Number of protein chains: 2
Amino acid sequence: MTRRVTIADIAAAAGVSKGAVSYALNGRPGVSENTRRKILGIAAEMGFVPNRAARSLSVSSAQAVGIALRRSARTLGIEPYFMELISGIEATLSAGSLGLTLQIVDTVEEELEVYRRWWAERRVDGVLLCDVGASDPRLDFVADLGLPAVAVGGPVEGARLPAVWHDDAEPCREILEYLYALGHRRVARIAGLPHLLHTAIRDAAHTETAAALGLESMTTVHSDYTGEQGARITRRLLSSANRPTAIIYDNDVMAVAGLGVAHELGLHVSEQLSIVAWDDSPLCRLTHPALTSLTRDISAYGSHCAEVLLTLIGADAPSPEKRAFSVQCRPAQLSPRGSTGPAPA
Amino acid sequence: MTRRVTIADIAAAAGVSKGAVSYALNGRPGVSENTRRKILGIAAEMGFVPNRAARSLSVSSAQAVGIALRRSARTLGIEPYFMELISGIEATLSAGSLGLTLQIVDTVEEELEVYRRWWAERRVDGVLLCDVGASDPRLDFVADLGLPAVAVGGPVEGARLPAVWHDDAEPCREILEYLYALGHRRVARIAGLPHLLHTAIRDAAHTETAAALGLESMTTVHSDYTGEQGARITRRLLSSANRPTAIIYDNDVMAVAGLGVAHELGLHVSEQLSIVAWDDSPLCRLTHPALTSLTRDISAYGSHCAEVLLTLIGADAPSPEKRAFSVQCRPAQLSPRGSTGPAPA
DNA sequence: CCAAGTCACCGAACCGGTTCAGCTATCATC
DNA sequence: GATGATAGCTGAACCGGTTCGGTGACTTGG
């Protein structure tokens, strides 16, 4: 294994000092165009790649951002959301040649501890906070720590840090009006974790819109996003006396599970029961019938979050007027497919 | 923002030299038990956390391992395999307080470039190679580079690096014998990417076993693991003159898609068509009927791979007899569920 | 009582970059 | 022609750890 090439080697080869090489490589003033070209040539020729640790040590930046996920391995596995989000984040980061450090945690305490450690070690320059809760201890924690962070979800009130989010209320209205137009009067919704911010927002939007439309019933049951719970709650709802004619699921996994239960009970989906899923992953198109869903570009969402974080930590200085603060993305669009139809008589 | 605590601060507070502090913190000989306790006490009190960059610079280790995934965002999203694998890897790594660096790439060339850069920058101490191909350029590349790596899949012949794998042939025999016992004589298999090593192994095992059992037909069609292709191929197979009575899918996503197609064609799954899925994710239990599948503990598999990599890079020196070389894991187990039944008359 | 050996600790070099004060040569200015 | 400004570069300090040679104190043994 040949030894690594350092700037000292380049300096020696070019007959200049280490400082000059550093200026040349970083495109800073302080060297003439001629020597810069010469140095760059030698560096390329010798296959120079700067040592991260050395740079981080002097500049005190990690050239990496972190993300801690507080979900079980099983949930992370089936839930397409996270991988799509991560792949979007990753795309933006690697364009700026930043690394992504990933950690899976069990509890909030553990998550806070991870942030504390990452920041103390300078292992990351900033973090992305997923699954933002209505009153989330992490927001103040990272702000107090001074750790740059972006909330993936919002809006967060009294925001001490930027948030990137979709308007969740509008799609809720859209879907309820759509179901109403199809004749549905008894609608149920299997919602996500109740403490999450967007769950609360959707809850409110549904209650409000249902009242405005004068629906006969608008039941909301909270769940943990797993297929098991989705199936269990669906089974209960469909066995009740006055069963709903349409069910809205807060994610696609539960919707697929719900579809399975409908099959199991011998209910024809679309004729006897309509199903709508949030978060349109390819999963929604695999089933028969395909699931009507609320489509968001989650990968783009992730990219967006990463961009905001980058401007926040000043990794790539964009136009100065581009403020690094809360951004709202295009809301989810309704994609009607086979799983919704006119309400049964 | 209060300034970070460094070992110099601790040294000053304890009235000793930086060197002594370093010895004390790392549990090395060179300080008395008394001063060690004193130093540890002060360090804890001041909330000391060592700076990664500084340590990496002197020790020249990154305290992180890397993983580059060469799959599209969409595939990564629906395919539960990767997230489960990653979560297993992550569990082992964070136990050893190593970080996980993730990157998503488009082409092999790009992937090789990522390895070269990571290693040159000393951003990682080693990597895990996923989706091992039958003749995989990455194996020699990382070996030549001197970059510690573990192949997640195998066995790889002429191995210059360790591999961790499951025996894929045995489950193939098991499933075919099971289907045979149920009376199936025309079996099809929608296989994965043809260049992948385990695909080749499964191909061979199926062909061989089918011949041994004297099956009427054993069709294998290769795909790219996506639900779209799974559906398309299933549709074609089921529309053919002498359609199979059982289909084996190389992953769960395609199996779910296949189930959708069966519904679409009005075929009763288990009575008219049996379906078997590889890689039992929770997805397989969401559908109706639930999918018979070949269960592997992918998360444990990931942990295992990470352990081998750790011993390889010597991060945690285990018992010396524990050689860091190719390990074979427990093969997948057949989990019979509702999607398989006796062949139709 | 002194030589040898051991223990605990210090001081300094080192890893590979960045950055800044300072020096020199060049050039414009009055 | 003295003065000042500036571009181009050097040398050294610095970031925060690790590591190693060396030193003084203390124990041990003959």
Side-chain angles (χ1 to χ4, degrees), chain A residues 1-40 42-43 46-63 97 117 119-123 125 314-315, chain B residues 1-40 42-43 46-63 97 117 119-123 125 314-315:
Chain A
M1 245 70 64
T2 67
R3 213 175 51 75
R4 300 178 31 80
V5 179
T6 72
I7 57 167
D9 300 328
I10 299 178
V16 296
S17 71
K18 277 170 55 179
V21 175
S22 178
Y23 292 137
L25 292 173
N26 293 312
R28 294 166 172 271
V31 284
S32 66
E33 260 323 300
N34 277 341
T35 41
R36 161 160 295 145
R37 264 199 299 278
K38 181 174 166 193
I39 290 173
L40 290 180
I42 294 177
M46 296 176 86
F48 171 75
V49 182
N51 180 314
R52 287 269 165 182
R55 166 174 276 151
S56 298
L57 185 55
S58 25
V59 186
S60 121
S61 98
Q63 298 282 74
S97 83
R117 189 163 44 76
W119 188 231
E121 288 179 341
R122 285 294 185 281
R123 198 189 246 289
D125 296 322
Chain B
M1 243 71 63
T2 66
R3 214 175 50 74
R4 300 179 31 81
V5 179
T6 72
I7 57 169
D9 301 329
I10 300 178
V16 296
S17 71
K18 278 170 53 179
V21 175
S22 178
Y23 291 137
L25 291 173
N26 294 311
R28 294 165 173 272
V31 285
S32 67
E33 260 323 300
N34 279 340
T35 40
R36 160 162 295 144
R37 264 199 300 277
K38 182 174 165 194
I39 290 173
L40 290 180
I42 293 177
M46 298 177 85
F48 171 75
V49 183
N51 180 314
R52 287 270 165 179
R55 168 174 275 150
S56 298
L57 185 55
S58 27
V59 186
S60 122
S61 97
Q63 298 282 75
S97 84
R117 190 163 43 76
W119 188 231
E121 289 179 341
R122 283 296 183 281
R123 198 191 246 287
D125 296 322

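Computed from a predicted structure; not experimentally measured. By convention in this document, chain letters (A, B, ...) are assigned in the order of the sequence lines, proteins followed by strands, and residues within each chain are numbered from 1.
Looking only at side-chain heavy atoms (C-beta outward), B:Asn26 and B:Arg55 come within less than 4.5 Å of each other.
Between the CD1 atom in A:Ile42 and the CE atom in A:Met46 there is a gap of 8.0 Å [rounded to 0.5 Å]. Between atom CZ of residue A:Phe48 and atom CG of residue A:Leu40 there is a gap of 11.0 Å, rounded to the nearest 0.5 Å. The CZ atom of A:Arg117 lies 6.5 Å from the CZ atom of B:Arg52; values are rounded to the nearest 0.5 Å.
Rounded to a whole Å, the OH atom of B:Tyr23 is 8 Å from the P atom of D:dT19. For the pair B:Leu25 CG and D:dT19 C1', the computed distance is 15 Å after rounding to whole Å. Rounded to an integer number of Å, the gap from B:Arg28 CZ to D:dT18 P is 8 Å.
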key: Candidate pair A:Arg123 and B:Asn51, rule side chain to side chain donor-acceptor pair (under 3.5 Å), full reasoning   = CA-CA 8 Å; A:Arg123 198 189 246 289; B:Asn51 180 314; over 6 Å; no

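Judged by distance alone, the side chain of A:Ser61 and the main-chain N or O of A:Ser56 form no donor-acceptor pair under 3.5 Å.
Each of B:Gly15 and B:Leu57 lies near DNA chain C, and the nucleotide nearest B:Gly15 is the one positioned closer to the 5' end.
Five base pairs at each end of the helix from C:dC1-D:dG30 to C:dC30-D:dG1 define two local axes, and these are offset by 50° (rounded to 10°).
Closest approach of B:Val31 and B:Tyr23 over heavy atoms only: CG1-CB, 4.3 Å. Pairing each heavy atom of A:Leu57 with each of B:Ala53, the nearest pair is N-CB, 3.8 Å. When every heavy atom of A:Leu25 is checked against every heavy atom of A:Ala43, the shortest pair comes out as CD2-CB, 3.9 Å. The nearest pair of heavy atoms linking A:Ile10 to A:Val21 is CG2-CG1, 4.0 Å.
The residue A:Thr6 sits close only to the backbone: its heavy atoms come under 4.0 Å of sugar-phosphate atoms, none of a base. No contact: A:Arg122 has no heavy atom under 4.0 Å from any strand. Counting any heavy atom pair closer than 4.0 Å across all strands shown, B:Val21 reaches no nucleic acid atom.
Reading DNA chain C from its 5' end, the first and the last nucleotide to sit under 4.0 Å from a heavy atom of chain A are C:dG16 to C:dC20.
The stretch residues 29-36 of chain B touches DNA chain C through B:Gly30, B:Val31, B:Ser32, B:Thr35, each having a heavy atom within less than 4.0 Å of the strand.
Relative to the ring axis of B:Trp119, B:Arg122 places its NZ or CZ within 45° and under 6.0 Å from the centre.
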